[in-house]
Each structure stands twice: as structure tokens, then as C-alpha cells.
Enquirer: 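Structure incoming, see below.
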Amino acid sequence: MAGTSGLRLQFRSVLITGLALMLWIQALHAQSSNGLTPNYYDKSCPEALSIIKSGIDAAVKQEARIAASLLRLHFHDCFVKGCDASVLLDDTANFTGEKTANPNKNSVRGFGVVDKIKRALEKKCPGVVSCADLLAVAARDSVVISGGPAWDVPLGRRDSRSASKSGANYNIPAPTSTHQTLETKFKLKGLHSLDLVVLSGGHTIGLSRCTSFKARLYNNSGSAKPDPTLDTTYLKQLRIECPQNGTDDNQTVPLDPVTPFKFDVNYYKNIVASKGLLNSDEILYSTNGSKTAAYVKFYTTHTQAFFKQFAISMIKMGNLSPLTGSQGEIRKNCRKMN
């Protein structure tokens, strides 16, 4: 029996490695076909990447949580109209941006850090580095400084002159999403089940508000009972942090209670132990017969495989519908169009 189990694990490992290789090839193809390249600023602004890294280093030193916030900001940008910095645009009397969409309102953060880095870039290389590229590099640097993998970020995106609040409401997966909804929303972006599991692994760092998971603690799916997939000890801890009659649903709790600011595989170990904080995390494993459950289990003991695939999936996500050439613009201020 032990031998059979070992063979199954080896077979699963081979399958996941093979799929990872296929996705890597797809990411390279997308990168070459859309004109993005890691050395885009080598001549026009050779200090661009170091300026962004210095900004991220300073921000994370001041607040460890900001690394997860900047990673999430890139995700929320790419999943709406593509990676075009539309998420950064402020509302005005004549323009509605994405910041007040349900997934973003009182939730996405890090705009001040982006502003500060953008000012430094504009001082060094006026009108050269896009806000969209800034977000992509900031996400990578935030992962690296948290102990995660590094990768070469394809660059050359331009900034949009539009935004879509309705697109943000519809396209960004909610923490209460069903397994089918998650699969569908990722598939619509050309992302596979493996991408879903790996990009969800970004929840290995950061915090979540009580409002995002409180129903699981007291009234799961309208049952007036807690989510049965939650570990009972963990449930008690969460109820202390987020009381049923508490008035502050913006109180925050670590997504990974073990190593909340370290990029590692404890996210997957927590899920397997029934300690996934969000419903959208736990169902990746608790959905019987799903591909995602096998991937989650695999990554509990394969840190380097997770790191490698995370880099591949981030490049793939970062390639979503970029504006290039004469499309869009290079904003001087990320919060508003030129």
C-alpha cells in the first residue's frame, strides 16, 4: 500500500511538472508575441528597476503588510481590463474608476507607495516608465523581499485612459466564490486550474478583513452554523478576532497565521489542515475530486516547485491584454490621465 501511495505521488509530481513546463512555454510565447521584454528600459531608463526596488524596500521596512498589498494591487489591475494600471485611476466629477468597486473599496491599498515611486521615476526619466509596469515590478519585488522567488518581468506596458468599475465587480473573484466560479473566472483570462492554485498561494502573505470571511464563522451559506470545513480550534480563535456582534468588520487577521509575512508553502499546509481563512482558499482543497485539491496537497511539500510555478503564473497573468506601441499613454501621475 505504501509503495502504491509513493508511485501515485511520483506520478502526480511528473504530471504537475509537465503542466508547469507547458505553461512556461505558453508564457514565453505570450511575452514574445505581445512585444513585452524584460530589458525594455535598459536604454531609456536604466535605473528604473533599481528605483522601484528601493521604493519597495523602504515601504516594506516601514510596514511589512504592504508587500502583500502591492502584490494584490497588480492582481486586481490585471483581472479587469488587462494589466494597464486602470486600478490606480481616481474618481472625478466626470470619471468613474475602479477604486470604489466592491472588491476594491476599503480594501486595495498601497497607492501612496506607488505615488512615491512614480515621482522618483518621473524625476529621473520623465514620461518613460508606465504605471502598469511599475505595478508589475513592484509585485515581483514585494514577493522577493518577503522570501519568495524572483523572475524577469516582461516590460513595455502602457497605461490605459479608461477604467471599468463594472468589470472590477464582475471579473475579480470574491473571497466567497464557489469553486466553479473561481475556475470560470480564471479560465476566462486564459488561466488554468494550476494557475488558480498557485496565484492563490499569494495569500501566504498579508491580512484579510473580518468582513471577507465572517459568514464562515457564524452563518455559513445561510445555515446559522459555522463552515464545517473549518478546524474547530481555529474557528474559536477567529471568533475572538471577529465577534459575531462586533461593529468593526474591517478588523484584520493574517491570511497565514503561522508565517503571515513570509512567502512560503504554509498557506497550503494551512488549507490541508482545515485552516484556510477564506472560503475561496479552503474550497481549493475541500472540493472532492478537483484538480485543485491535488495541486494544493502537492505544494505542501514542494516549496521550490511552488516558487518556480508562481513565477511562471505571474508572468502569464502579467501578459493579460497589455497596451503597447501607441495604445494608451505613459501617465505622469498614476492617479489621473495626462
Enquirer: Is there a donor-acceptor contact under 3.5 Å linking the side chains of Ser223 and Asn220?
Expert: no
Enquirer: Step by step, work out the side-chain contact (heavy atoms from CB on, under 4.5 Å) result for Leu73 and Leu88.
Expert: CA-CA 9 Å; Leu73 199 55; Leu88 301 178; 4.0 Å; yes
Enquirer: When the ring planes of Phe306 and Phe263 are compared, do they come out parallel, tilted or perpendicular, using 30° and 60° as the limits?
Expert: parallel
Enquirer: Just verifying a value: how many Å separate Arg140 CZ and Met314 CE, rounded to the nearest 0.5 Å?
Expert: 10.0 Å
Enquirer: Assess whether side chain to side chain donor-acceptor pair (under 3.5 Å) is satisfied between Thr292 and Ser290, documenting all intermediate values.
Expert: CA-CA 5 Å; Thr292 60; Ser290 66; 3.0 Å; yes
Enquirer: Test your reading of the model: is there a side-chain donor-acceptor pair from Asp249 to the backbone of Cys210, 3.5 Å cut-off?
Expert: no
Enquirer: So, do Phe186 and Phe79 have ring centers that fall under 6.0 Å from each other?
Expert: yes
Enquirer: For Asn288, look at atom CG and say whether over 12 heavy atoms of other residues, nucleotides or ligands are found less than 6.0 Å away.
Expert: no
Enquirer: Does Lys332, at its NZ atom, have more than 12 non-hydrogen atoms belonging to other residues, nucleotides or ligands within less than 6.0 Å?
Expert: no
Enquirer: Between the side chains of Ser162 and Lys81, does any donor sit under 3.5 Å from an acceptor?
Expert: yes
Enquirer: Have Tyr41 and Asp133 got a donor and an acceptor in their side chains that come within less than 3.5 Å?
Expert: yes
Enquirer: So, applying side-chain contact (heavy atoms from CB on, under 4.5 Å) with Lys165, which one of Asn104, Thr100, Asn102 is it?
Expert: Thr100
Enquirer: Using a strict 4.0 Å threshold on nitrogen-to-oxygen distance, state whether Lys99 and Asp90 make a salt bridge.
Expert: yes
Enquirer: Taking 4.0 angstrom as the limit, do Asp57 and Lys53 come out as a salt bridge?
Expert: yes
Enquirer: Tell me whether Tyr170 at atom OH has more than 12 heavy atoms from other residues, nucleotides or ligands lying less than 6.0 Å away.
Expert: no
Enquirer: Given Phe213, which of Asn279, Leu238, Thr176 fulfils the side-chain contact (heavy atoms from CB on, under 4.5 Å) condition?
Expert: Leu238
Enquirer: Does the pair Glu183 and Leu196 meet the rule for a side-chain contact (heavy atoms from CB on, under 4.5 Å), with working shown?
Expert: CA-CA 7 Å; Glu183 291 268 17; Leu196 166 58; 4.2 Å; yes
Enquirer: Is it the case that the side chains of Ser69 and Arg109 hold a donor-acceptor pair, with the cut-off being a distance below 3.5 Å and no angle test?
Expert: yes
